Participant: 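Dumping the structure here so I can ask a few things about it.
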Amino acid sequence: MAAAQTSVTHSFKFEQSNHPLARGIMNPPVIALLAFVTIFCAALIGLRLHAALPNHHLSPETKEVVRLGIGLIATMTALLLGLLVATAKGSYDTQRSEVIQIAAKIAFLDRALATYGPETGPARDQLRLSVESTAKRMWSDENISGPKNLSADEAKKMYDAIQNLPAQSEAQKFLKARALDGVVDLSKTLWLLSAQAQPSIVTPMLVAVVLWLSVIFLSFGLFAPANKTVIATLLIVALTVSTALLLILELDRPFDGVIQISSVPIHNVLSQVGK
């Protein structure tokens, strides 16, 4: 029992990465902006090269070789982009599923305590306070300097409140045991969610995509005339590609930014806790 209590004390936390790479450099809008600048500048460089290259470097044979090489790079870029989408979507779906599981476990724990008897009032109040605190930190819009976590003292209080319930009948002993298991299970799921807070998209993959896209856009400018229509088209396409990268990165950070996991399941359950 002491081991289980220790597990709850250390596990009932929700931590967000505070590493500068995750908070600063890995900020999706910043990355998308850098990608846009890099890709569009590559296209402009291609336009300048088009004007500077001798005519024999722009022959049909040369263009065909360049197109074949760029076609291969474009295929690899498409495959890598698909991998990034699958990775981000998988991470989002996994964490969304865990949020729903947390809501279900909270509801089960509260119903078990309600069935136990009216003497579980303080334990149910502590459950509400603990979950509310966790939810506020999970979906906080504030730039907190330290880890977003739930105090271990609150988790211990909730566990102790259930542990100290006077079980008189066999039914109460059974419900008490299930409630204690529910607290441990809930804290483990929260810890799992905490462990998944790091972005799943690794930096080298992202850098490779941006570099390959830059090469592709360089080739676009290399064989295009430098007029306003071409420049505007390259600008719009570069902006579109950068927006796609932004959406992928936002999907990989489901508790921050524009694309967030809904907090409705947790708040719906909280509206019933203690009643």
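Hydrogens, waters and symmetry mates play no part in the numbers below; they use all other heavy atoms, side chains included. From a predicted model like this one, the values you see are computed outputs, not experimental measurements.
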Participant: With a 4.5 Å cut-off on side-chain heavy-atom distances among I, L, V, M, F, W and Y, is there a chain of contacts connecting I201 to L246?
Facilitator: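 No: no chain of side-chain contacts under 4.5 Å links I201 to L246.
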Participant: Near R96 CZ, under 6.0 Å, is it more than 12 heavy atoms from other residues, nucleotides or ligands?
Facilitator: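 Atom CZ in R96 is not packed in, count stays at 12 or less.
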Participant: Please identify which of these residues, L34, V209, I31, meets the side chain to side chain contact (heavy atoms under 4.5 Å, CB included) condition with L245.
Facilitator: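 So the option named by the test is V209.
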Participant: For residues 175-184, pull every pair meeting side chain to side chain donor-acceptor pair (under 3.5 Å), keeping only residues two or more places apart or in separate chains.
Facilitator: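 Output for this query lists R178-D181.
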Participant: Is the backbone of Q172 close enough, under 3.5 Å, to the side chain of S169 for a donor and an acceptor to pair up by distance?
Facilitator: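 Pair found, side chain donor or acceptor close to backbone of Q172.
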Participant: Output all residues satisfying side-chain contact (heavy atoms from CB on, under 4.5 Å) with T94, sequence neighbours left out; order by chain, then residue number.
Facilitator: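 T94 satisfies side-chain contact (heavy atoms from CB on, under 4.5 Å) with E98, Q196 once adjacent residues are dropped.
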Participant: Tell me whether I100 is reachable from I259 by hopping between hydrophobic residues (I, L, V, M, F, W, Y) whose side-chain heavy atoms are closer than 4.5 Å.
Facilitator: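 Shared cluster, no.
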Participant: If only atom types and distance count, is the side chain of S133 paired as donor or acceptor with the main-chain N or O of L129 below 3.5 Å?
Facilitator: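 Looks like no, no N/O pair under 3.5 Å.
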Participant: Distance-only check: which donor-acceptor pairs under 3.5 Å involve side-chain atoms of residues 214-229, not counting sequence neighbours?
Facilitator:
{"residue": "S214", "atom": "OG", "partner": "V210", "partner atom": "O", "Å": "2.8"}
{"residue": "S219", "atom": "OG", "partner": "I216", "partner atom": "O", "Å": "2.5"}
{"residue": "N227", "atom": "OD1", "partner": "T229", "partner atom": "N", "Å": "3.1"}
{"residue": "N227", "atom": "OD1", "partner": "V230", "partner atom": "N", "Å": "2.8"}

Participant: Hey, could you give me the CZ/CZ distance between R124 and R111, rounded to the nearest 0.5 Å?
Facilitator: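 One finds 5.0 Å between CZ of R124 and CZ of R111.
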Participant: Answer yes or no: is there a side-chain heavy-atom contact under 4.5 Å between L175 and L165?
Facilitator: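 The answer is no; the side chains never approach within 4.5 Å.
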Participant: According to salt bridge (Lys or Arg N to Asp or Glu O under 4.0 Å), who are the partners of D252, at least two apart in sequence or on a separate chain?
Facilitator: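 For D252 there are no salt bridge (Lys or Arg N to Asp or Glu O under 4.0 Å) partners, ignoring immediate neighbours.
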Participant: Hey, quick one: are V65 and W212 part of the same hydrophobic cluster, counting side-chain heavy atoms closer than 4.5 Å, chains of contacts allowed?
Facilitator: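 Different hydrophobic clusters.
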Participant: Rounded to the nearest 0.5 Å, what separation is found between the CG atom of D110 and the CD atom of Q272?
Facilitator: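 Between D110 CG and Q272 CD, I get 9.0 Å after rounding to 0.5 Å.
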Participant: The criterion is salt bridge (Lys or Arg N to Asp or Glu O under 4.0 Å); which residues satisfy it with E119, sequence neighbours excluded?
Facilitator: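 Checked E119 against salt bridge (Lys or Arg N to Asp or Glu O under 4.0 Å); zero matches.
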Participant: Going from CG on L190 to CD on Q101, what distance comes out if it is rounded to the nearest 0.5 angstrom?
Facilitator: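 So the gap between those two atoms works out to 11.0 Å.
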Participant: Verify, without hydrogens or angle tests, whether W139 (side chain) and I261 (backbone) share a donor-acceptor contact under 3.5 angstrom.
Facilitator: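 Looks like yes, one N/O pair under 3.5 Å.
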Participant: Is the shortest side-chain heavy-atom distance between M138 and I266 below 4.5 Å?
Facilitator: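 No - every pair of side-chain heavy atoms lies 4.5 Å or more apart.
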Participant: Is there a path of hydrophobic side-chain contacts, each under 4.5 Å between heavy atoms of I, L, V, M, F, W or Y residues, that connects L80 with V237?
Facilitator: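 As far as the 4.5 Å side-chain criterion goes, V237 and L80 are connected within one cluster.
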Participant: So, using salt bridge (Lys or Arg N to Asp or Glu O under 4.0 Å) as the criterion, who are the partners of D125 when residues are at least two apart?
Facilitator: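 Salt bridge (Lys or Arg N to Asp or Glu O under 4.0 Å) list for D125, sorted by chain: empty.
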Participant: Which atom pair, heavy atoms only, marks the closest approach of T120 to A114?
Facilitator: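 Here T120 and A114 meet closest at OG1-N, 4.2 Å.
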Participant: So how far is it from I231 CD1 to F40 CZ, rounded to the nearest 0.5 Å?
Facilitator: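 One gets 6.5 Å once the value is rounded to the nearest 0.5 Å.
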Participant: What closest approach, in Å, do Y92 and P254 show between heavy atoms, and which atom pair accounts for it?
Facilitator: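 So the two residues come closest at CD1-CB, 3.7 Å.
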Participant: First locate atom CG of L251, then atom CD of Q260, and finally report the distance between them rounded to the nearest 0.5 Å.
Facilitator: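 Separation between the atoms: 12.0 Å.
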Participant: With side chains defined as the heavy atoms from C-beta onward, is the minimum distance between V184 and Y159 less than 4.5 Å?
Facilitator: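 They are in side-chain contact.
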Participant: Are L270 and F108 joined in one hydrophobic group, where the rule is that I, L, V, M, F, W and Y side chains link up if heavy atoms are under 4.5 Å apart?
Facilitator: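 No; tracing contacts between hydrophobic side chains, which count when under 4.5 Å, never links both residues.
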Participant: Check whether T87 reaches the backbone of L83 with its side chain - one donor and one acceptor, N or O, closer than 3.5 Å.
Facilitator: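 Judged by distance alone, yes, a pair lies under 3.5 Å.
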Participant: Roughly how far, to the nearest 0.5 Å, is OG of S242 from CG of L247?
Facilitator: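 Answer rounded to 0.5 Å: 11.0 Å.
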Participant: Do the non-hydrogen side-chain atoms of I162 and L109 ever get within less than 4.5 Å of each other?
Facilitator: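 In contact.
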Participant: Quick one: are V269 and V131 in side-chain contact, heavy atoms under 4.5 Å?
Facilitator: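 Result no, sub-4.5 Å side-chain heavy-atom pair not found.
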